[in-house]
Engineer: 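Could you have a look at this structure, given as structure tokens, before my questions?
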Amino acid sequence: MPVSDLENQPVRPSSLDPAIAARLSRSSDGLVAAIVREHDSGDVLMLAWMDDEALHRTLTTGHATYWSRSRQEYWVKGATSGHHQFVRSVALDCDGDALLVTVDQVGAACHTGTHTCFSNELTVTKENA
């Protein structure tokens, strides 16, 4: 197996369908970015990380499950906060390096208690052409 293929292998064991796993382009630590949006509003709620097993759990339970890079463990959104994400759909982008997870959000999505993690808008200034 070429070195590049070895670098894109799952880090932890998983029950993810091999056909789906083969389509993933993982980071060096075995993760894929998961962009989460709310079904009803279309709001982008948060960015989290999934490995193969987190994706498998999300697809088979309907509960958004992520890999915590800081705690090095799986977490189901809402398990401790009560702010659940019930998964409506999951789409893989064209390069296989990002997922779009569409959810029904119950409560705040952000750990700060806000609806979305993207509430700190930055000013864009355009130079005259």
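The chain is numbered in sequence order, starting from 1. Both backbone and side-chain heavy atoms feed into the values below; hydrogens, waters and symmetry mates do not.
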Engineer: Could you tell me the separation between the OG1 atom of Thr60 and the CG atom of Asp17, rounded to the nearest 0.5 Å?
Structural biologist: 11.5 Å
Engineer: Going by ring-ring contact (aromatic ring centres under 6.0 Å, His included), name the pairs with one or both residues in residues 78-107, residues two or more places apart or in two chains.
Structural biologist: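 As it turns out, the ring-ring contact (aromatic ring centres under 6.0 Å, His included) pairs with a partner in residues 78-107, which skip direct neighbours, are His63-Phe86, His84-Phe86.
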Engineer: With sequence neighbours left out, write down each residue that passes salt bridge (charged side-chain N to carboxylate O under 4.0 Å, His left out) with Glu121, or none if nothing qualifies.
Structural biologist: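 Residues passing salt bridge (charged side-chain N to carboxylate O under 4.0 Å, His left out) with Glu121: none at all.
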Engineer: Which residues pass the salt bridge (charged side-chain N to carboxylate O under 4.0 Å, His left out) test with Arg69, not counting sequence neighbours?
Structural biologist: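 Scan of Arg69 (salt bridge (charged side-chain N to carboxylate O under 4.0 Å, His left out), adjacent residues dropped) gives none.
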Engineer: CG/Leu59 to CG/Leu16 distance, rounded to the nearest 0.5 angstrom?
Structural biologist: 7.0 Å
Engineer: Would you indicate whether the side-chain heavy atoms of Val87 and Val101 approach each other to under 4.5 Å?
Structural biologist: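 When only atoms from C-beta onward are counted, Val87 and Val101 do touch, with a gap below 4.5 Å.
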Engineer: Hey, could you give me the OG1/NE2 distance between Thr102 and His39, rounded to the nearest 0.5 Å?
Structural biologist: 8.5 Å
Engineer: Quick check: do Leu99 and Leu55 have side-chain heavy atoms less than 4.5 Å from each other?
Structural biologist: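 In short, these two side chains touch, coming nearer than 4.5 Å.
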Engineer: Return the set of residues passing salt bridge (charged side-chain N to carboxylate O under 4.0 Å, His left out) with Glu53 (not counting sequence neighbours), or none when no residue passes.
Structural biologist: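 Once residues adjacent in sequence are excluded, the partners of Glu53 under the salt bridge (charged side-chain N to carboxylate O under 4.0 Å, His left out) criterion are Arg57.
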Engineer: Can you sort out the partners of Arg37 under salt bridge (charged side-chain N to carboxylate O under 4.0 Å, His left out), two or more places apart, ordered by chain and number?
Structural biologist: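 Listed in chain order: nothing, the list is empty.
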Engineer: Would you call the rings of Tyr66 and Trp75 parallel, tilted or perpendicular, taking 30° and 60° as the class edges?
Structural biologist: tilted
Engineer: Can you name the closest pair of heavy atoms from Ser68 and Arg71 and give their distance?
Structural biologist: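 Answer, listing the atom of Ser68 first, then Arg71: OG-N, 3.0 Å.
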Engineer: Sequence neighbours left out, cut at 3.5 Å: what donor-acceptor pairs do the side chains of residues 42-49 make with other protein atoms?
Structural biologist:
{"from": "Asp43", "atom 1": "OD2", "to": "Ser41", "atom 2": "OG", "distance (Å)": "3.2"}
{"from": "Asp43", "atom 1": "OD2", "to": "His115", "atom 2": "NE2", "distance (Å)": "3.2"}

Engineer: Within this structure, what is the CG-CZ distance for the pair Asp97 and Arg26, rounded to the nearest 0.5 Å?
Structural biologist: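 So the gap between those two atoms works out to 11.5 Å.
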Engineer: Would Val36 and Leu92 show up in the same hydrophobic cluster when neighbours are defined by side-chain heavy atoms closer than 4.5 Å?
Structural biologist: yes
Engineer: Only one of Thr65, Thr58, Val90, Leu31 clears side-chain contact (heavy atoms from CB on, under 4.5 Å) with Met50; which?
Structural biologist: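 Option passing the side-chain contact (heavy atoms from CB on, under 4.5 Å) with Met50: Thr58.
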Engineer: Roughly how far, to the nearest 0.5 Å, is NE2 of His111 from NZ of Lys77?
Structural biologist: 9.0 Å
